[in-house]
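One structure is given below, encoded as C-alpha coordinates.
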Amino acid sequence: MLLRWFALWSAGLVLTFLVSPTEWRGLPFMLLTLSAIPAVWSGARRSPAGTRSPWWLLLSMLGFFNVGNAVWLWDVEVRGQATGDGGLADLFFTVANVCSLAGALVVVVRRGRRDVGGVIDSAVAALAFGGLLWDAAVLPHLTATGTPLERQVALFVSLFVMCGTIGALARLSMASGSRLPAVWLLALAMAGAMGGNLASVFFTDPATGIRPDWTNALFLIGYACTACAALHPSATTVTQPGPARADDLTALRLTFLGAMTALIPVVGGVRMMSGQPSAGILVALGSAGIVPLVMLRIARLAAQRRSAEERLRRLATTDGLTGLPNRVACLTDLAGMLAGRPAGLAVIFCDLEGYTAVNDRLGHAAGDSLLIAVAARLRGADPVYRLGGDEFVIVCPADTVDAAAARMRALAAQPIMIDGEPMSIGVSAGVAHAVPGDTTDELIGRADLAMYDAKRSKHIGGLSMRVAGEPAAA
(Lines give C-alpha, C1' and ligand atoms only; values in the text may rest on other atoms or scores of the structure.)
Protein backbone atom coordinates (compact mmCIF):
# COMPACT_ATOMS: atom_id res chain seq x y z
CA MET A 1 0.00 0.00 0.00
CA LEU A 2 2.81 2.42 0.91
CA LEU A 3 4.45 1.70 -2.44
CA ARG A 4 1.27 2.64 -4.35
CA TRP A 5 0.83 5.86 -2.42
CA PHE A 6 4.45 6.84 -2.98
CA ALA A 7 4.21 6.03 -6.70
CA LEU A 8 1.12 8.26 -6.99
CA TRP A 9 2.82 10.98 -4.94
CA SER A 10 5.91 10.82 -7.18
CA ALA A 11 3.90 10.89 -10.40
CA GLY A 12 1.95 13.90 -9.13
CA LEU A 13 5.13 15.77 -8.22
CA VAL A 14 6.74 15.06 -11.60
CA LEU A 15 3.63 16.35 -13.40
CA THR A 16 3.46 19.36 -11.08
CA PHE A 17 7.11 20.09 -11.84
CA LEU A 18 6.49 20.01 -15.59
CA VAL A 19 3.41 22.28 -15.54
CA SER A 20 4.54 24.73 -12.85
CA PRO A 21 5.97 28.16 -13.68
CA THR A 22 9.77 28.19 -13.72
CA GLU A 23 10.05 30.08 -10.43
CA TRP A 24 7.96 27.42 -8.61
CA ARG A 25 9.55 24.26 -9.95
CA GLY A 26 12.07 24.03 -7.16
CA LEU A 27 9.31 23.14 -4.67
CA PRO A 28 8.02 19.88 -6.24
CA PHE A 29 11.58 18.99 -7.14
CA MET A 30 12.81 19.23 -3.53
CA LEU A 31 9.65 17.58 -2.16
CA LEU A 32 10.27 14.49 -4.28
CA THR A 33 14.00 14.22 -3.67
CA LEU A 34 13.56 14.72 0.08
CA SER A 35 10.64 12.28 0.38
CA ALA A 36 12.72 9.62 -1.37
CA ILE A 37 15.13 9.58 1.60
CA PRO A 38 12.76 8.02 4.18
CA ALA A 39 11.52 5.60 1.51
CA VAL A 40 15.01 4.26 0.86
CA TRP A 41 15.70 4.28 4.61
CA SER A 42 12.63 2.08 5.06
CA GLY A 43 13.89 -0.35 2.42
CA ALA A 44 17.29 -0.55 4.09
CA ARG A 45 15.76 -1.23 7.51
CA ARG A 46 13.49 -3.98 6.12
CA SER A 47 16.36 -5.82 4.45
CA PRO A 48 18.15 -8.54 6.46
CA ALA A 49 21.34 -7.56 8.23
CA GLY A 50 24.34 -8.00 5.97
CA THR A 51 22.35 -7.25 2.80
CA ARG A 52 21.72 -3.53 3.30
CA SER A 53 24.86 -2.06 1.72
CA PRO A 54 23.25 -1.17 -1.66
CA TRP A 55 20.45 0.70 0.10
CA TRP A 56 22.90 2.59 2.31
CA LEU A 57 24.82 3.58 -0.84
CA LEU A 58 21.62 4.71 -2.55
CA LEU A 59 20.66 6.60 0.58
CA SER A 60 24.05 8.35 0.43
CA MET A 61 23.36 9.10 -3.22
CA LEU A 62 20.11 10.86 -2.29
CA GLY A 63 21.87 12.78 0.44
CA PHE A 64 24.57 14.10 -1.88
CA PHE A 65 22.03 14.88 -4.60
CA ASN A 66 19.93 16.90 -2.18
CA VAL A 67 22.93 18.85 -0.97
CA GLY A 68 23.88 19.48 -4.59
CA ASN A 69 20.31 20.54 -5.38
CA ALA A 70 20.37 22.96 -2.45
CA VAL A 71 23.67 24.44 -3.64
CA TRP A 72 22.30 24.68 -7.19
CA LEU A 73 19.17 26.51 -6.01
CA TRP A 74 21.27 28.82 -3.81
CA ASP A 75 23.42 29.79 -6.81
CA VAL A 76 20.34 30.52 -8.93
CA GLU A 77 17.84 31.96 -6.46
CA VAL A 78 20.12 33.76 -4.00
CA ARG A 79 23.25 34.57 -5.93
CA GLY A 80 21.31 35.35 -9.10
CA GLN A 81 23.30 33.11 -11.44
CA ALA A 82 21.70 31.96 -14.68
CA THR A 83 22.42 28.28 -13.80
CA GLY A 84 24.01 26.23 -11.06
CA ASP A 85 25.65 23.89 -13.55
CA GLY A 86 29.43 23.96 -13.60
CA GLY A 87 29.70 25.13 -9.99
CA LEU A 88 30.09 23.52 -6.58
CA ALA A 89 26.82 21.61 -7.05
CA ASP A 90 28.47 19.47 -9.75
CA LEU A 91 30.90 18.11 -7.17
CA PHE A 92 28.04 16.78 -5.03
CA PHE A 93 26.28 15.43 -8.11
CA THR A 94 29.45 13.55 -9.11
CA VAL A 95 29.78 11.92 -5.69
CA ALA A 96 26.08 11.05 -5.78
CA ASN A 97 26.51 9.35 -9.17
CA VAL A 98 29.42 7.32 -7.79
CA CYS A 99 27.28 6.18 -4.83
CA SER A 100 24.42 5.27 -7.19
CA LEU A 101 26.68 3.21 -9.43
CA ALA A 102 28.30 1.53 -6.42
CA GLY A 103 24.90 0.56 -5.02
CA ALA A 104 23.78 -0.88 -8.35
CA LEU A 105 27.05 -2.78 -8.78
CA VAL A 106 26.69 -4.34 -5.32
CA VAL A 107 23.30 -5.68 -6.43
CA VAL A 108 24.81 -6.98 -9.67
CA VAL A 109 27.71 -8.75 -7.94
CA ARG A 110 25.65 -10.34 -5.17
CA ARG A 111 22.50 -11.16 -7.10
CA GLY A 112 24.36 -12.36 -10.18
CA ARG A 113 26.99 -14.58 -8.57
CA ARG A 114 25.26 -17.70 -9.96
CA ASP A 115 24.80 -16.18 -13.40
CA VAL A 116 28.12 -14.45 -13.99
CA GLY A 117 28.22 -15.43 -17.65
CA GLY A 118 24.78 -14.04 -18.42
CA VAL A 119 25.49 -10.84 -16.50
CA ILE A 120 28.73 -10.32 -18.43
CA ASP A 121 26.98 -10.97 -21.76
CA SER A 122 24.28 -8.42 -20.95
CA ALA A 123 26.81 -5.87 -19.71
CA VAL A 124 28.95 -6.31 -22.84
CA ALA A 125 25.91 -5.82 -25.10
CA ALA A 126 24.85 -2.70 -23.20
CA LEU A 127 28.41 -1.32 -23.25
CA ALA A 128 28.59 -1.86 -26.99
CA PHE A 129 25.24 -0.07 -27.39
CA GLY A 130 26.56 2.79 -25.27
CA GLY A 131 29.68 3.01 -27.42
CA LEU A 132 27.57 3.02 -30.57
CA LEU A 133 25.34 5.76 -29.15
CA TRP A 134 28.42 7.75 -28.26
CA ASP A 135 30.03 7.47 -31.70
CA ALA A 136 26.82 8.04 -33.63
CA ALA A 137 25.24 10.88 -31.68
CA VAL A 138 26.97 12.16 -28.56
CA LEU A 139 30.50 12.66 -29.88
CA PRO A 140 29.46 14.59 -33.01
CA HIS A 141 27.37 16.93 -30.86
CA LEU A 142 30.18 17.50 -28.35
CA THR A 143 32.64 18.11 -31.17
CA ALA A 144 30.30 20.59 -32.84
CA THR A 145 29.84 22.53 -29.60
CA GLY A 146 33.58 22.59 -28.83
CA THR A 147 33.36 20.59 -25.59
CA PRO A 148 36.83 20.15 -24.04
CA LEU A 149 38.39 16.68 -24.17
CA GLU A 150 38.44 16.26 -20.39
CA ARG A 151 34.68 16.93 -20.30
CA GLN A 152 34.18 14.41 -23.13
CA VAL A 153 36.14 11.76 -21.23
CA ALA A 154 34.10 12.32 -18.06
CA LEU A 155 30.82 12.07 -19.97
CA PHE A 156 31.98 9.00 -21.87
CA VAL A 157 33.01 7.10 -18.72
CA SER A 158 29.73 8.01 -17.01
CA LEU A 159 27.62 6.93 -20.00
CA PHE A 160 29.66 3.77 -20.52
CA VAL A 161 29.44 2.57 -16.93
CA MET A 162 25.74 3.38 -16.68
CA CYS A 163 24.99 1.40 -19.84
CA GLY A 164 26.85 -1.65 -18.56
CA THR A 165 25.14 -1.46 -15.18
CA ILE A 166 21.68 -1.12 -16.73
CA GLY A 167 22.34 -4.15 -18.94
CA ALA A 168 23.46 -6.26 -15.98
CA LEU A 169 20.45 -5.19 -13.88
CA ALA A 170 18.07 -6.01 -16.73
CA ARG A 171 19.55 -9.52 -16.93
CA LEU A 172 19.17 -10.06 -13.19
CA SER A 173 15.58 -8.87 -13.16
CA MET A 174 14.56 -11.60 -15.60
CA ALA A 175 16.42 -14.54 -14.03
CA SER A 176 14.67 -17.83 -14.79
CA GLY A 177 11.67 -15.95 -16.16
CA SER A 178 10.66 -14.61 -12.73
CA ARG A 179 10.94 -10.86 -12.77
CA LEU A 180 12.32 -9.10 -9.75
CA PRO A 181 10.51 -5.73 -9.66
CA ALA A 182 12.97 -4.04 -7.27
CA VAL A 183 15.86 -4.73 -9.68
CA TRP A 184 13.78 -3.57 -12.64
CA LEU A 185 13.06 -0.33 -10.79
CA LEU A 186 16.76 0.13 -10.05
CA ALA A 187 17.49 -0.35 -13.76
CA LEU A 188 14.84 2.27 -14.59
CA ALA A 189 16.38 4.60 -12.01
CA MET A 190 19.76 4.25 -13.71
CA ALA A 191 18.10 4.79 -17.09
CA GLY A 192 16.45 7.97 -15.79
CA ALA A 193 19.81 9.29 -14.60
CA MET A 194 21.45 8.41 -17.90
CA GLY A 195 18.59 10.03 -19.82
CA GLY A 196 19.01 13.18 -17.75
CA ASN A 197 22.73 13.28 -18.50
CA LEU A 198 22.13 12.79 -22.22
CA ALA A 199 19.43 15.44 -22.26
CA SER A 200 21.86 17.82 -20.56
CA VAL A 201 24.38 17.15 -23.32
CA PHE A 202 22.02 17.67 -26.24
CA PHE A 203 19.82 20.51 -24.95
CA THR A 204 22.22 22.73 -23.01
CA ASP A 205 22.76 26.05 -24.75
CA PRO A 206 26.53 26.13 -25.51
CA ALA A 207 26.57 29.93 -25.37
CA THR A 208 24.93 30.36 -21.95
CA GLY A 209 25.41 26.91 -20.38
CA ILE A 210 21.69 26.86 -19.50
CA ARG A 211 19.63 23.71 -20.03
CA PRO A 212 15.82 23.45 -20.12
CA ASP A 213 14.11 22.72 -16.82
CA TRP A 214 12.24 19.74 -18.24
CA THR A 215 15.50 17.77 -18.36
CA ASN A 216 15.37 17.65 -14.55
CA ALA A 217 12.16 15.60 -14.80
CA LEU A 218 14.28 12.67 -15.99
CA PHE A 219 16.36 12.86 -12.81
CA LEU A 220 13.14 13.06 -10.79
CA ILE A 221 11.95 9.84 -12.43
CA GLY A 222 15.23 8.25 -11.39
CA TYR A 223 14.74 9.36 -7.76
CA ALA A 224 11.16 8.07 -7.77
CA CYS A 225 12.18 4.67 -9.18
CA THR A 226 14.94 4.33 -6.59
CA ALA A 227 12.49 4.99 -3.76
CA CYS A 228 9.88 2.64 -5.23
CA ALA A 229 12.53 -0.08 -5.54
CA ALA A 230 13.32 0.28 -1.85
CA LEU A 231 9.63 0.14 -0.91
CA HIS A 232 8.82 -2.89 -3.05
CA PRO A 233 8.59 -6.22 -1.12
CA SER A 234 11.23 -7.77 -3.40
CA ALA A 235 13.77 -5.22 -2.15
CA THR A 236 14.70 -7.61 0.65
CA THR A 237 15.97 -10.18 -1.87
CA VAL A 238 17.95 -8.05 -4.32
CA THR A 239 21.29 -9.02 -2.78
CA GLN A 240 20.49 -12.71 -2.37
CA PRO A 241 22.11 -14.99 -4.97
CA GLY A 242 19.80 -15.49 -7.92
CA PRO A 243 19.03 -18.83 -9.59
CA ALA A 244 21.75 -20.58 -11.55
CA ARG A 245 21.45 -20.28 -15.31
CA ALA A 246 22.74 -22.58 -18.05
CA ASP A 247 26.01 -21.22 -19.38
CA ASP A 248 27.22 -23.18 -22.41
CA LEU A 249 30.15 -22.41 -24.67
CA THR A 250 28.49 -22.15 -28.08
CA ALA A 251 29.52 -20.73 -31.41
CA LEU A 252 26.66 -18.22 -31.20
CA ARG A 253 27.88 -16.88 -27.86
CA LEU A 254 31.45 -16.52 -29.11
CA THR A 255 30.25 -14.80 -32.28
CA PHE A 256 28.15 -12.42 -30.20
CA LEU A 257 31.03 -11.56 -27.87
CA GLY A 258 33.37 -11.03 -30.81
CA ALA A 259 30.89 -8.73 -32.57
CA MET A 260 30.31 -6.67 -29.42
CA THR A 261 34.07 -6.37 -28.86
CA ALA A 262 34.63 -5.11 -32.39
CA LEU A 263 31.63 -2.74 -32.55
CA ILE A 264 33.17 0.36 -30.93
CA PRO A 265 36.55 0.23 -32.77
CA VAL A 266 34.86 -0.53 -36.09
CA VAL A 267 32.40 2.37 -35.79
CA GLY A 268 35.18 4.68 -34.65
CA GLY A 269 37.38 3.57 -37.56
CA VAL A 270 34.60 4.08 -40.09
CA ARG A 271 34.03 7.60 -38.80
CA MET A 272 37.74 8.40 -39.11
CA MET A 273 37.93 6.96 -42.65
CA SER A 274 34.93 9.01 -43.70
CA GLY A 275 36.47 12.20 -42.33
CA GLN A 276 34.05 12.53 -39.41
CA PRO A 277 35.23 13.36 -35.88
CA SER A 278 36.27 10.39 -33.74
CA ALA A 279 38.29 10.62 -30.52
CA GLY A 280 40.84 7.82 -30.47
CA ILE A 281 41.27 8.01 -26.71
CA LEU A 282 37.56 7.36 -26.18
CA VAL A 283 37.63 4.39 -28.56
CA ALA A 284 40.57 3.06 -26.55
CA LEU A 285 38.68 3.55 -23.29
CA GLY A 286 35.65 1.72 -24.69
CA SER A 287 37.75 -1.21 -25.83
CA ALA A 288 39.57 -1.25 -22.50
CA GLY A 289 36.19 -1.60 -20.79
CA ILE A 290 34.79 -4.36 -23.00
CA VAL A 291 37.82 -6.53 -23.84
CA PRO A 292 38.59 -7.56 -20.20
CA LEU A 293 34.94 -8.54 -19.72
CA VAL A 294 35.00 -10.64 -22.90
CA MET A 295 38.27 -12.30 -21.88
CA LEU A 296 36.82 -13.03 -18.44
CA ARG A 297 33.75 -14.48 -20.10
CA ILE A 298 35.78 -16.77 -22.35
CA ALA A 299 38.01 -17.81 -19.44
CA ARG A 300 34.96 -18.75 -17.38
CA LEU A 301 33.43 -20.71 -20.23
CA ALA A 302 36.68 -22.58 -20.80
CA ALA A 303 36.98 -23.34 -17.07
CA GLN A 304 33.40 -24.61 -16.99
CA ARG A 305 34.10 -26.87 -19.95
CA ARG A 306 37.22 -28.29 -18.29
CA SER A 307 35.23 -28.83 -15.10
CA ALA A 308 32.47 -30.62 -17.01
CA GLU A 309 35.00 -32.87 -18.74
CA GLU A 310 36.60 -33.67 -15.39
CA ARG A 311 33.20 -34.54 -13.91
CA LEU A 312 32.50 -36.87 -16.84
CA ARG A 313 35.88 -38.50 -16.41
CA ARG A 314 35.23 -39.05 -12.71
CA LEU A 315 31.80 -40.49 -13.45
CA ALA A 316 33.29 -42.87 -16.00
CA THR A 317 36.00 -44.12 -13.63
CA THR A 318 34.29 -43.98 -10.21
CA ASP A 319 31.90 -46.43 -8.63
CA GLY A 320 28.72 -44.52 -7.89
CA LEU A 321 27.91 -46.45 -4.70
CA THR A 322 31.19 -46.68 -2.79
CA GLY A 323 33.15 -43.85 -4.36
CA LEU A 324 36.02 -46.24 -5.14
CA PRO A 325 37.61 -46.35 -8.61
CA ASN A 326 35.68 -48.78 -10.80
CA ARG A 327 36.63 -51.57 -13.23
CA VAL A 328 37.55 -49.12 -16.00
CA ALA A 329 39.91 -47.25 -13.67
CA CYS A 330 41.39 -50.54 -12.43
CA LEU A 331 42.19 -51.84 -15.92
CA THR A 332 43.59 -48.46 -17.02
CA ASP A 333 45.78 -47.97 -13.94
CA LEU A 334 47.02 -51.55 -13.94
CA ALA A 335 47.92 -51.36 -17.65
CA GLY A 336 50.02 -48.29 -16.90
CA MET A 337 51.78 -50.03 -14.03
CA LEU A 338 52.50 -53.15 -16.10
CA ALA A 339 53.91 -51.01 -18.91
CA GLY A 340 56.53 -49.73 -16.48
CA ARG A 341 58.23 -52.07 -14.06
CA PRO A 342 55.84 -54.85 -13.12
CA ALA A 343 58.36 -56.65 -10.90
CA GLY A 344 57.25 -56.49 -7.28
CA LEU A 345 53.64 -55.66 -8.18
CA ALA A 346 50.81 -57.70 -6.66
CA VAL A 347 47.08 -57.87 -7.27
CA ILE A 348 44.66 -59.05 -4.57
CA PHE A 349 41.21 -60.15 -5.79
CA CYS A 350 38.64 -60.10 -2.95
CA ASP A 351 35.15 -61.57 -2.72
CA LEU A 352 32.82 -61.20 0.26
CA GLU A 353 31.35 -64.28 1.94
CA GLY A 354 27.86 -63.75 3.36
CA TYR A 355 27.01 -60.67 1.32
CA THR A 356 24.33 -62.46 -0.72
CA ALA A 357 22.59 -63.63 2.44
CA VAL A 358 22.43 -60.08 3.78
CA ASN A 359 21.14 -58.79 0.46
CA ASP A 360 18.46 -61.50 0.26
CA ARG A 361 17.34 -61.22 3.89
CA LEU A 362 17.40 -57.46 4.48
CA GLY A 363 17.07 -56.08 0.97
CA HIS A 364 19.22 -54.21 -1.51
CA ALA A 365 19.45 -51.07 0.62
CA ALA A 366 21.05 -53.07 3.44
CA GLY A 367 23.36 -54.74 0.91
CA ASP A 368 24.42 -51.33 -0.41
CA SER A 369 25.12 -50.12 3.13
CA LEU A 370 27.27 -53.19 3.70
CA LEU A 371 29.31 -52.55 0.53
CA ILE A 372 29.86 -48.92 1.52
CA ALA A 373 31.13 -49.99 4.96
CA VAL A 374 33.41 -52.64 3.43
CA ALA A 375 34.88 -50.10 1.00
CA ALA A 376 35.63 -47.73 3.88
CA ARG A 377 37.47 -50.49 5.81
CA LEU A 378 39.44 -51.69 2.79
CA ARG A 379 40.82 -48.26 1.98
CA GLY A 380 44.47 -47.85 2.80
CA ALA A 381 47.72 -46.61 1.34
CA ASP A 382 47.28 -48.79 -1.75
CA PRO A 383 44.54 -48.24 -4.37
CA VAL A 384 41.32 -50.22 -3.92
CA TYR A 385 38.89 -50.80 -6.79
CA ARG A 386 35.35 -52.15 -6.90
CA LEU A 387 34.93 -54.37 -9.95
CA GLY A 388 31.21 -54.90 -9.39
CA GLY A 389 28.87 -56.71 -7.01
CA ASP A 390 30.87 -57.78 -3.95
CA GLU A 391 34.21 -58.06 -5.80
CA PHE A 392 37.10 -55.75 -4.93
CA VAL A 393 40.69 -55.53 -6.16
CA ILE A 394 43.70 -54.14 -4.30
CA VAL A 395 46.84 -53.28 -6.29
CA CYS A 396 49.94 -52.99 -4.13
CA PRO A 397 53.66 -53.71 -3.93
CA ALA A 398 54.45 -57.28 -2.98
CA ASP A 399 55.90 -56.21 0.35
CA THR A 400 52.59 -54.63 1.47
CA VAL A 401 50.39 -57.67 0.77
CA ASP A 402 50.58 -58.60 4.46
CA ALA A 403 49.31 -55.11 5.46
CA ALA A 404 46.39 -55.46 3.04
CA ALA A 405 45.67 -58.92 4.42
CA ALA A 406 45.60 -57.47 7.92
CA ARG A 407 42.94 -54.96 6.83
CA MET A 408 40.83 -57.73 5.32
CA ARG A 409 41.28 -59.87 8.44
CA ALA A 410 40.11 -56.94 10.61
CA LEU A 411 37.17 -56.42 8.26
CA ALA A 412 36.10 -60.02 8.73
CA ALA A 413 36.69 -60.00 12.48
CA GLN A 414 34.60 -56.91 13.31
CA PRO A 415 30.83 -57.07 12.68
CA ILE A 416 29.28 -54.29 10.60
CA MET A 417 26.11 -52.66 11.94
CA ILE A 418 23.34 -52.65 9.32
CA ASP A 419 19.94 -51.27 10.35
CA GLY A 420 20.95 -51.75 13.99
CA GLU A 421 21.89 -55.41 13.45
CA PRO A 422 25.53 -56.66 13.55
CA MET A 423 26.56 -58.44 10.36
CA SER A 424 29.63 -60.67 10.15
CA ILE A 425 31.12 -61.48 6.77
CA GLY A 426 34.09 -63.42 5.53
CA VAL A 427 36.59 -62.59 2.81
CA SER A 428 38.05 -64.89 0.17
CA ALA A 429 41.13 -63.41 -1.46
CA GLY A 430 43.52 -64.44 -4.22
CA VAL A 431 46.97 -62.94 -4.71
CA ALA A 432 48.84 -62.83 -8.03
CA HIS A 433 52.35 -61.43 -8.47
CA ALA A 434 53.16 -59.71 -11.76
CA VAL A 435 55.87 -61.06 -14.04
CA PRO A 436 57.38 -59.45 -17.14
CA GLY A 437 55.05 -59.72 -20.12
CA ASP A 438 51.88 -59.90 -18.02
CA THR A 439 48.73 -58.29 -19.34
CA THR A 440 45.99 -56.92 -17.14
CA ASP A 441 43.67 -59.80 -18.04
CA GLU A 442 46.32 -62.39 -17.25
CA LEU A 443 47.26 -60.87 -13.92
CA ILE A 444 43.68 -60.32 -12.73
CA GLY A 445 42.72 -63.77 -14.09
CA ARG A 446 45.39 -65.50 -11.95
CA ALA A 447 44.28 -63.53 -8.88
CA ASP A 448 40.66 -64.47 -9.62
CA LEU A 449 41.52 -68.18 -9.87
CA ALA A 450 43.48 -68.00 -6.60
CA MET A 451 40.43 -66.38 -4.98
CA TYR A 452 38.27 -69.30 -6.11
CA ASP A 453 40.82 -71.68 -4.64
CA ALA A 454 40.44 -69.81 -1.34
CA LYS A 455 36.67 -69.92 -1.62
CA ARG A 456 36.77 -73.74 -2.05
CA SER A 457 38.26 -74.06 1.40
CA LYS A 458 34.69 -73.71 2.76
CA HIS A 459 35.85 -71.42 5.54
CA ILE A 460 33.22 -69.83 7.76
CA GLY A 461 33.98 -66.17 8.52
CA GLY A 462 37.47 -64.76 8.77
CA LEU A 463 39.90 -64.44 5.87
CA SER A 464 40.88 -67.19 3.44
CA MET A 465 43.72 -66.20 1.11
CA ARG A 466 45.58 -68.11 -1.62
CA VAL A 467 48.54 -67.04 -3.71
CA ALA A 468 48.44 -67.95 -7.40
CA GLY A 469 50.88 -70.72 -8.23
CA GLU A 470 51.21 -71.96 -4.67
CA PRO A 471 49.65 -75.30 -3.72
CA ALA A 472 46.58 -75.19 -1.52
CA ALA A 473 47.07 -76.12 2.10
CA ALA A 474 46.16 -79.65 2.99
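Given the structure is predicted, the values throughout are model-derived calculations rather than measurements.
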(request) On the 0 to 90° scale, with breaks at 30° and 60°, tag the Phe17-Phe29 ring pair as parallel, tilted or perpendicular. (result) tilted
(request) Output yes when a side-chain donor or acceptor of Ser35 lies under 3.5 Å from a complementary backbone atom of Leu31, and no otherwise. (result) yes
(message) Is any side-chain heavy atom of Ser234 closer than 4.5 Å to one of Thr237?
(response) yes
(message) Does either side chain, that of Ser53 or that of Arg110, offer a donor lying less than 3.5 Å from an acceptor on the other one?
(response) yes
(message) Salt bridge check, Arg361 against Glu421: does any charged N sit closer than 4.0 Å to a carboxylate O?
(response) yes
(request) Please examine the side chains of Pro325 and Thr317, heavy atoms only from C-beta on, and report whether any two atoms are closer than 4.5 Å. (result) no
(message) Less than 4.0 angstrom from a charged side-chain N to a carboxylate O is my criterion; do Glu310 and Arg313 meet it?
(response) yes
(message) Does Val393 form a side chain to side chain contact (heavy atoms under 4.5 Å, CB included) with Val384? I'd like the steps, not just the answer.
(response) CA-CA 6 Å; Val393 164; Val384 182; over 6 Å; no
(request) Might you point out which heavy atoms bring Ala316 and Val328 nearest each other, and give the distance in Å? (result) O-CB, 4.0 Å
(request) Would you give the length of the straight line joining atom CG of Leu370 to atom CG of Asn359, rounded to the nearest 0.5 angstrom? (result) 8.5 Å
(request) Taking the side chain as every heavy atom from C-beta outward, state whether Leu34 and Asn66 have any atom pair closer than 4.5 Å. (result) yes
(message) I'd like to know if the side chain of Arg52 reaches the main chain of Ala44, judged simply by a donor and an acceptor atom lying under 3.5 Å from each other, with no hydrogens or angles considered.
(response) yes
(message) Tell me if a side-chain donor or acceptor on Arg25 pairs with a main-chain N or O of Asn216 at a distance below 3.5 Å.
(response) no
(request) Name the orientation class of the two ring planes belonging to His141 and Phe202 (parallel below 30°, tilted from 30 to 60°, perpendicular beyond 60°). (result) tilted
(request) Determine the minimum heavy-atom distance between Pro48 and Thr236, stating which atoms define it. (result) CD-O, 3.7 Å
(request) Would you mind reporting whether Val71 and Phe92 have side-chain heavy atoms less than 4.5 Å apart? (result) yes
(message) With a 6.0 Å cut-off (strictly less than), is the heavy-atom count around CZ of Phe64, excluding the residue itself, greater than 12?
(response) no
(message) With a 4.5 Å cut-off on side-chain heavy atoms, are Ile416 and Arg377 touching?
(response) yes
(message) Whether the side chain of Arg111 engages the backbone of Leu169 through a donor-acceptor N/O pair (distance < 3.5 Å, no angle test) should be reported.
(response) no
(request) Output the distance between atom CG (Leu62) and atom OH (Tyr223), rounded to the nearest 0.5 Å. (result) 7.5 Å
(message) Under a 3.5 Å threshold, yes or no: a donor from one side chain and an acceptor from the other, between Asp319 and Thr322?
(response) yes
(request) Using a 4.5 Å cut-off on heavy atoms from C-beta on, say whether the side chain of Phe219 contacts that of Ser200. (result) yes
(message) Could you report the tightest heavy-atom contact between Ala187 and Ile166, atom names first, then the distance?
(response) O-CG1, 4.1 Å
(request) Examine distances only and state if a side-chain atom of Ser100 and a backbone atom of Ala96 form a donor-acceptor pair shorter than 3.5 Å. (result) no
(request) Could you grab the distance from atom CG of Asn197 to atom OG1 of Thr215, nearest 0.5 Å is fine? (result) 10.0 Å
(request) Without swapping roles, check the side chain of Asn69 against the backbone of Met30 for a donor-acceptor pair under 3.5 Å. (result) no
(message) Tell me whether Thr145 contacts the main-chain N or O of Leu142 through its side chain, where contact means a donor paired with an acceptor under 3.5 Å.
(response) yes
(request) For Trp56, look at atom CH2 and say whether over 12 heavy atoms of other residues, nucleotides or ligands are found less than 6.0 Å away. (result) yes
(message) Between Arg386 and Thr318 (side chain of the first, backbone of the second, donor and acceptor by atom type, cut-off under 3.5 Å), is there such a pair?
(response) no
(message) Working to the nearest 0.5 angstrom, can you tell me the gap between Leu133 CG and Leu198 CG?
(response) 6.0 Å
(message) Take a 6.0 Å sphere around CH2 of Trp214 and say whether it holds more than 12 heavy atoms from other residues, nucleotides or ligands.
(response) yes
(message) Quick one, Val374 with Ile425, criterion side chain to side chain contact (heavy atoms under 4.5 Å, CB included). Give me CA distance, side-chain angles, the key distance, then yes/no.
(response) CA-CA 10 Å; Val374 168; Ile425 60 169; 3.7 Å; yes
(request) Quick one: pull up CG in Leu105 and CG in Leu101 and give me the separation to the nearest 0.5 Å. (result) 6.0 Å
(message) Is the ring pair Phe65/Phe93 parallel, tilted or perpendicular, if the boundaries are 30 and 60 degrees?
(response) tilted
(request) Answer yes or no: is there a side-chain heavy-atom contact under 4.5 Å between Asp333 and Val395? (result) no
(request) Nearest 0.5 Å please: distance from the CG atom of Leu57 over to the CH2 atom of Trp55. (result) 11.0 Å
(request) Side-chain contact test, heavy atoms from C-beta onward, threshold under 4.5 Å: evaluate it for Leu321 versus Leu371 and give yes or no. (result) yes
